[in-house]
Amino acid sequence: MSKSELPTTARLAGSFDMRPVSTNDDSKLSTPPLPPKVVTTLAQLHIHTLGDLKQHGAAKCFALLKASGLTVTKSTLWQLGALCLHVPVQALTTEHKQGLQAAYQALPPIHIPPSADEQQRHMQAALAEAQLAADKGEIPIGAVVVYQGNIIARAHNECVGRHFVGAHAEMLALERAGAVLGTYRLTQCDVYVTVEPCVMCAGALLQARVKRVVYGIDEAKTGAVTSQLQLATHDCLNHHTAFFAGANAEQCRHLMQNFFKSKR
């Protein structure tokens, strides 16, 4: 394989667009062919079926296994790739293996999500901030910054009160966390925000190199993580931040819907 072909092969190996059409994506991952610890760890990461594996890609699943602390070798990467292609691992060609390896090496830093209890607790604090925003007539979005398990900064939207479009919850929370830690590089911090960040806030979170961002609900019109733009995975950026969606989603959605209903 030529050097110029590696990026293309890496993308294909990551998403497995080259795989044949599957009719069995609902099948559970099992042992054999995967080792029991691999199946168990993937299940803990909410990767239960072949469809889940394909959605993430073999390379990312391999990286998630390593990030979770499991000791795995390249043979596990080959096995995951073979499953996505519906072939025995012995059928993988050298080109397939090079593609899998290139896809793994091209991945941004991989982080596993916070525990469900952590997400619940810290998102409740962000929701309390969002309620403060609603009480002031601001769009009800709240954010908190967590460092070593403790909340070190809290904020909510203050654009109306400050007469400044940049006074979004995430921006203010980053500023306050930076003041606490004495640095704008928040590499060991998690940010919880009730709504998917916009392009300004997603950019700031990436620039701050926040470790993980957990948000409650998508923002269909202006979301810059998955909904309208995908800044977190844009090729031109250095990737340092992992984004996770869905924590306390119903409460986040309910607060937003009630706010806008009251304005009609």
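Count residues from 1 along the sequence. Atoms considered below: every heavy atom in the structure, side chains included; atoms not considered: hydrogens, waters and symmetry mates.
With no hydrogens or angles considered, no side-chain donor-acceptor pair links Gln119 and Asn248 at under 3.5 Å. Counting only N and O atoms by type, the side chains of Gln251 and Gln124 include a donor and acceptor under 3.5 Å apart. Side-chain contact of Gln79 with Thr76: a donor-acceptor pair under 3.5 Å is absent, judged by distance alone. Inspection of the Asn258 and His254 side chains reveals an N or O donor paired with an N or O acceptor under 3.5 Å.
A distance-only check finds no donor-acceptor pair linking the side chain of Thr41 to the backbone of Val38 [under 3.5 Å]. When atom types are taken as modelled, the side chain of Glu138 and the backbone of Gly161 share a donor-acceptor pair closer than 3.5 angstrom. A distance-only check finds a donor-acceptor pair linking the side chain of Thr241 to the backbone of Val210 [under 3.5 Å].
Leu205 and Val193 fall within the same hydrophobic cluster, defined by Ile, Leu, Val, Met, Phe, Trp and Tyr side-chain heavy atoms under 4.5 Å apart, directly or through other members. Linking ILVMFWY residues whenever their side-chain heavy atoms come closer than 4.5 Å, directly or via other members, leaves Tyr147 and Tyr192 in distinct clusters. Note on Leu206 and Leu181: same hydrophobic cluster, where clusters join Ile, Leu, Val, Met, Phe, Trp and Tyr whose side-chain heavy atoms are under 4.5 Å apart, directly or indirectly. Cluster annotation: Val214 and Ile217 are assigned to distinct hydrophobic clusters (Ile/Leu/Val/Met/Phe/Trp/Tyr, side-chain heavy-atom contacts under 4.5 Å, transitive). Clustering ILVMFWY residues whenever any of their side-chain heavy atoms sit less than 4.5 angstrom apart, transitively, puts Leu127 in a cluster other than the one holding Leu132.
Interatomic distance, OG1 of Thr40 versus CG of Leu45, reported as 11.0 Å (0.5 Å rounding). Atoms NZ and SG, on Lys54 and Cys61 in that order, are 12.5 Å from each other to the nearest 0.5 Å. With rounding to the nearest 0.5 angstrom, the CG atom of Leu65 is 12.5 Å from the NZ atom of Lys37. We find the CG-NZ distance between Leu107 and Lys66 to be 12.0 Å, quoted to the nearest 0.5 Å. The distance from the OG atom of Ser115 to the CZ atom of Arg121 is 7.0 Å, given to the nearest 0.5 Å.
Here the side chains of Asp52 and Leu42 are not in contact, with every heavy-atom distance at 4.5 Å or above. By the 4.5 Å heavy-atom criterion applied to side chains, Leu83 and Pro33 are counted as neighbours. Two residues are said to be in side-chain contact when any heavy atoms from C-beta on lie closer than 4.5 Å; His86 and Leu50 meet this criterion. Using a 4.5 Å heavy-atom threshold, the side chains of Thr49 and Leu29 count as separate. Residues Gln98 and Gln101 form no side-chain contact, since every pair of their non-hydrogen atoms from C-beta on lies 4.5 Å or further apart. The shortest side-chain heavy-atom distance between Leu53 and Cys84 falls under the 4.5 Å cut-off. Side-chain contact between Ile110 and Lys60 is present, with heavy atoms from C-beta onward closer than 4.5 Å. For the pair Met200 and His168, the minimum side-chain heavy-atom distance is below 4.5 Å.
Smallest separation of non-hydrogen atoms from Pro197 and Val225: CD-CG2, 3.8 Å. Taking every heavy atom of both residues into account, Cys159 and Val165 meet most closely at SG-O, 3.6 Å. Counting all heavy atoms, side chain and backbone alike, Ile152 lies closest to Ala177 at CD1-CB, 3.9 Å. The minimum heavy-atom distance between Ala143 and Ala173, with the atom names listed, is CB-CB, 4.2 Å. Residues His122 and Gly149 share a closest heavy-atom pair of CE1-O, 3.8 Å. Residues Ala245 and Asp218 share a closest heavy-atom pair of CB-OD1, 4.5 Å.
Classification of Asp190 and Arg212 as a salt-bridged pair holds, one side-chain N sitting under 4.0 Å from a carboxylate O.
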Derivation and outcome, side chain to side chain contact (heavy atoms under 4.5 Å, CB included), residues Tyr215 and Thr226: CA-CA 11 Å; Tyr215 63 91; Thr226 59; 3.5 Å; yes

Are His56 and Ile47 close enough, and set up right, to give a side chain to side chain contact (heavy atoms under 4.5 Å, CB included), and what steps lead you there? CA-CA 9 Å; His56 287 82; Ile47 301 169; 3.9 Å; yes

Is there a side chain to side chain contact (heavy atoms under 4.5 Å, CB included) between Val191 and Val144? Walk through the geometry before answering. CA-CA 6 Å; Val191 172; Val144 299; over 6 Å; no

Pair Leu172-Arg162, side chain to side chain contact (heavy atoms under 4.5 Å, CB included): steps then yes or no: CA-CA 11 Å; Leu172 297 175; Arg162 292 188 179 217; 3.8 Å; yes

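Remark: Ala224 engages Val199, Ala202, Leu229, Leu231 in a side-chain contact (heavy atoms from CB on, under 4.5 Å) (not counting sequence neighbours).
Other residues, nucleotides and ligands contribute more than 12 heavy atoms inside 6.0 Å of the CD atom of Gln228.
The side chain to side chain donor-acceptor pair (under 3.5 Å) analysis of residues 169-185, with sequence neighbours excluded, yields the pairs Glu158-Arg176.
Of the residues listed (Glu219, Glu196, Lys221), the one engaging Ser227 in a side chain to side chain donor-acceptor pair (under 3.5 Å) is Glu196, and it is the only one.
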